[in-house]
Amino acid sequence: MNDQSTPLPRGLVLLLGSIMAFGPLSIDMYLPSLPTLGEVFGASEARVQLTLSAYLLGLAVGQLIYGPLADRLGRRRPLMFGIALFTVASVGCALASSIDALIALRALQALGGAAGMVMVRAVVRDLFSAQGGARMYSMLMLVMGVAPILAPALGGQVLVWMGWRWIFGALALMGLICFIAVALRLSETLPEGVMRANRARPIGRVASDYRRVLTHPQFFFCVLTGASSLAALFAYISASPFVLIDLLGIQPAAYGLWFGLNAAAFILGSQVNARLLRHRRPEQILPWTVGAFTVATLLMLAVSASALFGLFSFMASMAIVLFTVGCTLANTTALALQPFVYEAGAASALLGTLQLSAGAVAGIVVAISYTDSPVPLAAVIALCGVIAFVAFARARRHLGAEVA
């Protein structure tokens, strides 16, 4: 296990970060093409939106499938299968002849991409201590933060110059490159003894494994803390076009710039956290970052519900919220997975599914409650802050629990 003073291997960071980027790139890169897809296939807006819903559903279901496979077969083989499926499905999306075919292929693409989300977290858990793992997750968040900023612009340029099919062609090319890199550069990280022990267990124990992981206090409360902070980010992403453009009068052409500024705050938070982890353990940093996150969410609610609401006050308060999310998420991920050796794959899968579900719920609640006011968005984000504070207060009682 790497300690906090050991430099992180740049090649591993780049490879795992590229695999983790499948998710945001596959979502954000094709967004500029949604109106075009409706015209090309003669489909309604709701029908076209199903291509996004199918992908999100595939990510959630896929992670639960790959978790047990990661523990029984290791990390490398399921990861290569998932990347191969992602690549082939991306080619299929590029060649799709109907909106129904595209919807089905997007679900398959997500099932492949889900492998990367599960296996990357499991690989980091295999190779690093909780402190080193938190540093690694912070560096991976640099890629995860940059991808959503660049993806829509990149997708828009591909759409203009080459057509929508080449967006999926570019994703297929990325998948192929990552498949080759994994085949050549990534060795199996799960110890053989752990793999043999897991294979000896009945496959029917998958449900009981998930139940055991979910009911582990350190896992549950750390995941709840992290999922609450991530839900605040999802809530902002879902409502930011309406708040910035409709309420604050930002021109649509300038929306990406303002959105990128707050995304930069998230990235900065993750990198500050990586520096702090050189001298402090995750459980020493979290009381401060979770507390700051809660205070920042309440500050944002106060700004949004008062005469102080304006472009700069809203953006500044939101930047503080996202900065603290960046400081928090890697640490809660590392501590949630720390107790598990034999069930690290299942824990990684469950963590990813719960985080994705929390983000989806936050986005839905904001969409349902949206009015001509920033208060519903701010109230949801403030609720996320309070839940994170309470959850981490409970998590502190169980940190350092026995490794399973």
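FYI, the numbering just counts along the sequence from 1.
Inspection of the Arg121 and Gln63 side chains reveals an N or O donor paired with an N or O acceptor under 3.5 Å.
At least one donor-acceptor pair closer than 3.5 Å links the side chain of Asn331 to the backbone N or O of Cys327. Put simply, the side chain of Gln218 never gets that close to the backbone of Pro339: no donor and acceptor are under 3.5 Å apart. Side-chain atoms of Tyr66 come within 3.5 Å of backbone atoms of Leu111 as a donor-acceptor pair (strictly under, hydrogens ignored). Here the side chain of Arg125 pairs a donor or acceptor atom with the backbone of Phe340 at under 3.5 angstrom. Between the Asp71 side chain and the Ala346 main chain, a donor and an acceptor come within less than 3.5 Å of each other. A donor-acceptor pair under 3.5 Å links the side-chain atoms of Arg76 to the main chain of Leu186, judged by distance alone. Side-chain atoms of Thr189 never come within 3.5 Å of backbone atoms of Asp126 as a donor-acceptor pair (strictly under, hydrogens ignored). Without hydrogens or angle criteria, Ser348 side chain to Val118 main chain gives a donor-acceptor distance under 3.5 Å. Thr353 places no side-chain N or O within 3.5 Å of a backbone atom of Leu350 that could act as its donor or acceptor partner. Side-chain N or O atoms of Arg106 include none that pairs as donor or acceptor with a backbone N or O of Tyr55 at under 3.5 Å.
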Open item on the list: side-chain contact (heavy atoms from CB on, under 4.5 Å) for Val223 and Thr332? Distances and angles first, verdict last.
Closed with: CA-CA 6 Å; Val223 168; Thr332 57; over 6 Å; no

Task: Verdict with supporting geometry, Leu102 and Cys93, side-chain contact (heavy atoms from CB on, under 4.5 Å) - done: CA-CA 6 Å; Leu102 184 59; Cys93 289; 3.8 Å; yes

Task: Leu16 and Met119: CA distance, side-chain angles, deciding distance, side-chain contact (heavy atoms from CB on, under 4.5 Å) verdict - done: CA-CA 9 Å; Leu16 297 184; Met119 301 305 162; over 6 Å; no

Open item on the list: Set out, in order, the CA-CA distance, both residues' side-chain angles and the distance that settles side-chain contact (heavy atoms from CB on, under 4.5 Å) for Phe314 and Phe309, then state yes or no.
Closed with: CA-CA 6 Å; Phe314 174 80; Phe309 176 70; 3.8 Å; yes

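The side-chain hydrogen bond (donor to acceptor under 3.5 Å, both in side chains) analysis of residues 164-177, with sequence neighbours excluded, yields no pairs. For the side-chain hydrogen bond (donor to acceptor under 3.5 Å, both in side chains) condition, the pairs that include at least one residue of residues 87-102, sequence neighbours left out, are Arg47-Asp100, Ser90-Gln109.
With contacts defined as side-chain heavy-atom distances shorter than 4.5 Å, the pair Pro376/Val366 does not qualify. Looking at heavy atoms from C-beta onward, Leu105 lies out of side-chain contact with Thr51 at the 4.5 angstrom threshold. When side chains are defined from C-beta on, Ile285 does not count as touching Arg281, because their heavy atoms never get closer than 4.5 Å. In this structure, the side chains of Thr297 and Cys384 stay at 4.5 Å or more apart for every pair of heavy atoms. With a 4.5 Å cut-off on side-chain heavy atoms, Arg77 and Glu188 do not count as touching. For the pair Leu311 and Leu244, the minimum side-chain heavy-atom distance is below 4.5 Å. Side-chain contact between Phe86 and Phe179 is absent, with no heavy-atom pair separated by less than 4.5 Å. Residues Thr289 and Leu286 are in side-chain contact: their nearest non-hydrogen atoms beyond the backbone lie under 4.5 Å apart.
The distance from the SG atom of Cys178 to the CG atom of Leu79 is 9.0 Å, given to the nearest 0.5 Å. Within the model, atoms CZ of Phe312 and CG of Leu248 stand 10.5 Å from one another, a figure rounded to the nearest 0.5 Å. Gln355 CD to Phe234 CZ: the interatomic distance, rounded to the nearest 0.5 Å, is 8.5 Å. With values rounded to the nearest 0.5 angstrom, Leu329 atom CG is found 11.0 Å from Tyr137 atom OH. Atom CG in Asn262 sits 12.0 Å away from atom CG in Leu268 (nearest 0.5 Å). To the nearest 0.5 Å, the span separating CD on Gln338 from OG1 on Thr333 amounts to 12.5 Å.
The minimum heavy-atom distance between Phe392 and Glu283, with the atom names listed, is CZ-O, 4.5 Å. The two atoms that bring Ala330 and Ala134 nearest to each other are CB-O, 3.5 Å, heavy atoms only. Summarising the geometry of Ser313 relative to Val303, their closest heavy-atom pair is OG-CG1, 3.6 Å, with the distance given to 0.1 Å. When all heavy atoms are compared, the tightest approach of Arg75 to Ala70 is NH1-O, 2.9 Å. Smallest separation of non-hydrogen atoms from Ala349 and Gly67: CB-CA, 3.6 Å. Taking all atoms of both residues into account, the shortest heavy-atom contact from Ser229 to Phe293 is CA-CZ, 3.6 Å.
In this structure, Arg212 pairs ionically with Glu343, as a charged nitrogen and a carboxylate oxygen lie closer than 4.0 Å.
Counting heavy atoms of neighbouring residues, nucleotides and ligands inside a 6.0 Å radius, atom CZ of Phe81 does not exceed 12 of them.
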